[in-house]
Structures are given as C-alpha cells and as structure tokens.
There are 2 protein chains.
Amino acid sequence: MLTGTDLLTVGQMTARSGFAASALRYYEAEGLISASRTSGGQRRYERHILRRLAFIRAAQNIGLSLEEIKEALGKLPEGRTPTPADWAKISRAWRGRLEEEIEALVRLRDGLEQCIGCGCLSMKRCRISNPDDVAGRYGSGAVTLPELLREDRRTHG
Amino acid sequence: MLTGTDLLTVGQMTARSGFAASALRYYEAEGLISASRTSGGQRRYERHILRRLAFIRAAQNIGLSLEEIKEALGKLPEGRTPTPADWAKISRAWRGRLEEEIEALVRLRDGLEQCIGCGCLSMKRCRISNPDDVAGRYGSGAVTLPELLREDRRTHG
DNA sequence: GCTTGACCTGAAGTGCACTTGAACTTGCAG
DNA sequence: CTGCAAGTTCAAGTGCACTTCAGGTCAAGC
C-alpha cells in the first residue's frame, strides 16, 4: 500500500485524522497545515501533520477559533519536528481557559437554581439573565454574568 | 395594566433589554416575540415581552439555539400572561443540559492534565483528541470525548 | 493502454444569528 | 407647523468553518 516514502495521501489523512478532505484543504489554505505535492499536483502529507491535526481537533474542543489555533501553532519551533514537550508547552494555556469556561457554566447553573427556586426570571432581578443593571454601565448588548461564555458561544454581537 | 400608555417603543426595549433593535425585529420575524403597531406602523411592545427577552438571553447563555428557544417558548400558556411558575417550569430542563456541558468540560480538562503530563498529543493515544479509535466505529468526523460539546460549539459537521 | 477511483481547482453555497444600508415615514418637542 | 430623532421595510452583507459543485486530471491495477 505504501510506496518508498512514508508520505500520506489525502485519503489516508482523512481516514487517520477524521477530518474531511475539504477541511484539510481549508486548513492548508488558512495556513494551519502544509503539504508537499507530487509531480502531478496531488497533496502528500508528512506523518507529523497528523499530530498537528490532533492539536487542531483538541483545541477546537476547548473552544478555540481557527485563528487562535493558527496563532498557537505558530509558536512551535520552525526548523525541527515538534517534541512532546513543545506540544505540552503550547497546550498549557488551555487549562486556564477551560477552568474559566467551567466556572462560568457553574455560576450559570447556580444562578439557575436560584431562578428556578423563586421563579423570578426577570430583567430586573434574575441572576442568569439581567442586562438591565449592566446596560447603563457598558452600553447596550452587554450581559451580566457569562460574558466570557457569550464570547465563546456566539460568533459576534 | 389597563392603561394604554405602558406600551414600550423599540428604543425603550433596546435600552431595557440590551438587545439591538435589529435583533428585536429578527426575533419578531422568527416568531419568538410579538408586538402591536401604532396607526403609523411603529412597533409597541407589552411589558411582559421583556420577560420573554430575559428568557431568550438566559437560554442563549446556556447554549440553546433560537430554534430551541422558540420551541421552549411555545410551551408557555397561550391565553394568559405567564406566571413565575410557568417560567420556572420551562427552565427546569436547562439544569440537565448545563450539568452535561459542565461534565464534558471537566472531562476535557482532566484529559488535558494527562496530556500535559505526558506530552502525548497524538492521534493514537491522546485522550482529548483521538478520532482514530472512533473512526472505524462511527465513520469519519467523529470525535472521542466531547461529542456533546462539539454539538454545542460547532454549527454542523 | 485503459479504466476507475482518487484527486485537483475555484467559485459558490450553507447555517446561524444577526447587522448594515438605502430609501422612506412617524411622532413629538418647540 | 416644522424639524429631526426615531422608526419603518426589504435586501444584502457578515463571520466562521467548512461543504458542495462543476469540470477536469492523476495514479495504479489489470
């Protein structure tokens, strides 16, 4: 199946990474991954690209945008194949991000407890949905509790 | 409540709800809220629409789509102004959803701990990014750990 | 050499949740 | 009655992360 070199075809990459071929092309166009070409113009991927894709998928799961992921990937060493330590280094920042997301959700859940307890869902008092007391301070569109969360969940205001 | 003058203008609604006027129009077009009109065709909102908007914002923070929110709102009683109990009832389902989201994030965080510990980020072994052992079972595009999470965070696969 | 499936490109389409723009009308203060 | 901020409609645009399509090319097994 595999000839002299250990370069991988698009088909092999889709099978091994779970990403669609169109996604791989997209990532290449966006500068997140790279590929060499055969004389006929077909893509051939080095094996370590799989690790890059693993990183991309993991980062997506944490909620990073492709732009952020690209930036993170840019911090990898240029000349050599990244070591496990390199990957660990750039992943370390994720922990804080995840912690924040978890905390925001927990606050939301606890606020919800209160709201369900009192049935208050209101612009004036509700802890999980109260833009009113923020509107004056930040202008319209601001949200009380889960600002962090909203940034993660919605594309733009 | 019988006075005709406590209807709110668009401007008052944007100020009190934090939603942009365009968003209010959009929600009306989508059937999430309603408004009466002046003889000249301008919108006038009843006060209880603010509560509906509070619900919408809260639900968005929990991660529901407008479609889901619309469905939830549809469960409110038709004839009368919803009571706190009505709101509490339809909010109750959120708790489970939030719990699931939190758990998914916690699993992700704990997986990340392991990955950082061993620096393994790999298609083959990494707990937070391993489509490989799923690919055969579900086909391409499937993701090991945070399926629930991915559904929440990405529009479609 | 032929066939066939894998692969190529560039442009356009998708889905959500809105926003923006253009061109026009209403409503209220002075 | 006038001026003008605030409101109206409909169409089109935005941003992300892709997917789909049309129309062609490549690589490998027979």
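Because only heavy atoms are used, hydrogens play no part in the values below, and waters and symmetry mates are left out as well, while side chains stay in.
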What is the distance, rounded to the nearest whole Å, between atom CG of Leu7(A) and atom C1' of dA27(D)? 15 Å

Among dA17(C), dG27(C), dC7(C), which nucleotide sits nearest the side chain of Arg44(B)? dG27(C)

Does CD belonging to Glu28(B) count more than 12 external heavy atoms closer than 6.0 Å? yes

For dA27(D), does either OP1 or OP2 sit under 4.0 Å from a side-chain N or O belonging to Thr38(A)? yes

Separation of Met13(A) atom CE from dA6(C) atom C1', in whole Å? 16 Å

Is Arg25(B) close to Arg43(B) at the side-chain level, that is, under 4.5 Å between some pair of heavy atoms? yes

Nearest whole Å is fine: how far is dA17(C) P from Glu67(B) CD? 9 Å

Do Ile33(A) and Leu73(A) come within less than 4.5 Å of each other through their side chains, counting heavy atoms only? no

Could you tell me whether Glu99(B) and Arg109(A) have a side-chain N and a carboxylate O separated by less than 4.0 Å? yes

Among dT8(D), dT19(D), dA17(C), the nucleotide that comes nearest once only the side chain of Ala20(A) is considered: dT19(D)

Which one, dA17(D), dG27(C), dG7(D), comes nearest to the side chain of Ser65(A)? dA17(D)

Whole-Å distance between dG7(D) C1' and Tyr45(B) OH? 11 Å

Near Glu71(B) CD, under 6.0 Å, is it more than 12 heavy atoms from other residues, nucleotides or ligands? no

Closest-nucleotide 5' rank along DNA chain D - winner of Leu64(A) and Arg43(B): Arg43(B)

Euclidean distance, atom OH of residue Tyr26(A) to atom P of dT19(D) [Å, nearest integer]: 10 Å

For dC7(C), does OP1 or OP2 lie under 4.0 Å from any side-chain N or O of Thr9(A)? yes

Whole-Å distance separating the CZ atom of Arg25(A) from the P atom of dA12(C): 17 Å

Against the side chain of Gln42(B), the closest entry in dT9(D), dA17(D), dG27(C) is dG27(C)

What is the distance, to the nearest angstrom, from the CZ atom on Arg37(B) to the P atom on dT8(D)? 6 Å

Report the distance from atom CD of Glu28(A) to atom P of dT9(C), rounded to the nearest whole Å. 8 Å

